[in-house]
Colleague: 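This is the structure, below, for whatever I ask next.
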Amino acid sequence: MRKLAAGNWKMNGTAAALDEARTLIAAHPAPTCDMLLCPPATLIAQLSALAKGTSLQVGGQDCHAAASGAHTGDIAAAMLADAGATHVILGHSERRADHGESDADVHAKALAARAAGLIAIICIGETEAQRDAGTTLDVIAAQMASVPVDMTAQNLVIAYEPVWAIGTGRTPTLDQIAEVHAFLRTRLTGRIGTTAAGVRLLYGGSVKPSNAADIFAIPHVDGALVGGASLKAADFGAIVAALSAA
Ligand code: PGA
């Protein structure tokens, strides 16, 4: 399987930030993994234009479940595709927390993404309280409800992102990541069948150049979803290089 280094710029970046993408492409013209940046929606069309024909792919950070309609401020999956996106992040913990998105909402968005020809990157992960209570695997199992049962390796990526590791500089131990990813592969197989073997399972939460190689050596870690470190071409490029070498 071709691994995936995905960057999530979150609500960061104006047109000036596109220079980071230009630098990234120039430094990594032919990585042996997929390289994706998900900028704010305002930059998707511009980033897609400059990434056309290069090693860089472009994604959105959310979509609405409906194809169109009276949903002020929202963006349909087909609009992302029209702007040049090939992927969309869904159910990020910040959206689950800030916008009250449920597993059912994420499930509906994944169907919309698939209908528009986008690859859905569905995010799951436990809070610190859940980890401390020893319920991490139960939480992961329950969040499988976000994944439509007829998704395939062609249109689905899963990102395991412990909420407490996002933007904090803290990461689980390598054993803890290994435990969740092995569990995830098994549960995903139960949910979508043998195609689960080809679904990229990303780890996310404080991935940086200094810990990337260790994380990428873990079985069933097929890439990363990177927030803060994706904003700088040098840092994200180092993570791409580590994944290419893994
Ligand atoms: P972080 O964010 O890399 O800044 O921890 C990860 C994410 O939210 O995807």
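Whatever order the structure lists them in is the order used to number ligands and atoms, beginning at 1. Treat the numbers as computed from the prediction; the structure is a model and nothing was measured.
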Colleague: Can you name the residues that form a side-chain hydrogen bond (donor to acceptor under 3.5 Å, both in side chains) with Trp164, not counting sequence neighbours?
Modeller: Glu126

Colleague: Judged by non-hydrogen atoms, does Ala229 sit under 4.0 Å from ligand 1?
Modeller: no

Colleague: Is there a donor-acceptor contact under 3.5 Å linking the side chains of Gln143 and Ser146?
Modeller: no

Colleague: Please work out whether the ring planes of His181 and Tyr160 are parallel, tilted or perpendicular, with thresholds of 30° and 60°.
Modeller: perpendicular

Colleague: May I ask you to list the atoms of ligand 1 that are less than 4.0 angstrom from any heavy atom of Lys10?
Modeller: 2 (O), 7 (C), 8 (O)

Colleague: Taking all non-hydrogen atoms of both residues into account, name the closest pair between Leu201 and Arg185 and its distance.
Modeller: CD1-CZ, 3.5 Å

Colleague: State, yes or no, whether a side-chain contact exists between Thr86 and Val58 at a heavy-atom distance under 4.5 Å.
Modeller: no

Colleague: For Gly227, is there any backbone N or O sitting under 3.5 Å from a side-chain donor or acceptor partner on Trp9?
Modeller: no

Colleague: Of all the atoms in ligand 1, which lie at a distance below 4.0 Å from a heavy atom belonging to Ser206?
Modeller: 1 (P), 3 (O), 5 (O)

Colleague: How far apart are the C-alpha atoms of Thr23 and Glu20, what are their side-chain angles, what is the distance that settles it, and do they pass the side chain to side chain donor-acceptor pair (under 3.5 Å) test?
Modeller: CA-CA 5 Å; Thr23 303; Glu20 293 296 327; 5.3 Å; no

Colleague: Below 4.0 Å from any atom of ligand 1, is there a heavy atom belonging to His92?
Modeller: yes

Colleague: Which of the atoms in ligand 1, numbered in the order shown and given with their element, are less than 4.0 Å from a heavy-atom of Gly228?
Modeller: 1 (P), 3 (O), 4 (O)

Colleague: As a check for students: among Glu94, Gln61, Glu161, identify the option with a heavy atom nearest to atom 7 (C) of ligand 1.
Modeller: Glu161

Colleague: Run the numbers for me: atoms of ligand 1, each under 4.0 Å from some heavy atom of Ala165, listed by number.
Modeller: 5 (O)

Colleague: Among all protein heavy atoms in this structure, tell me which lies nearest to atom 3 (O) of ligand 1, with the distance rounded to 0.1 Å.
Modeller: Gly227 N, 2.8 Å

Colleague: With a cut-off of 4.0 Å, which atoms of ligand 1 are near a heavy atom of Gly167?
Modeller: 1 (P), 4 (O), 5 (O)

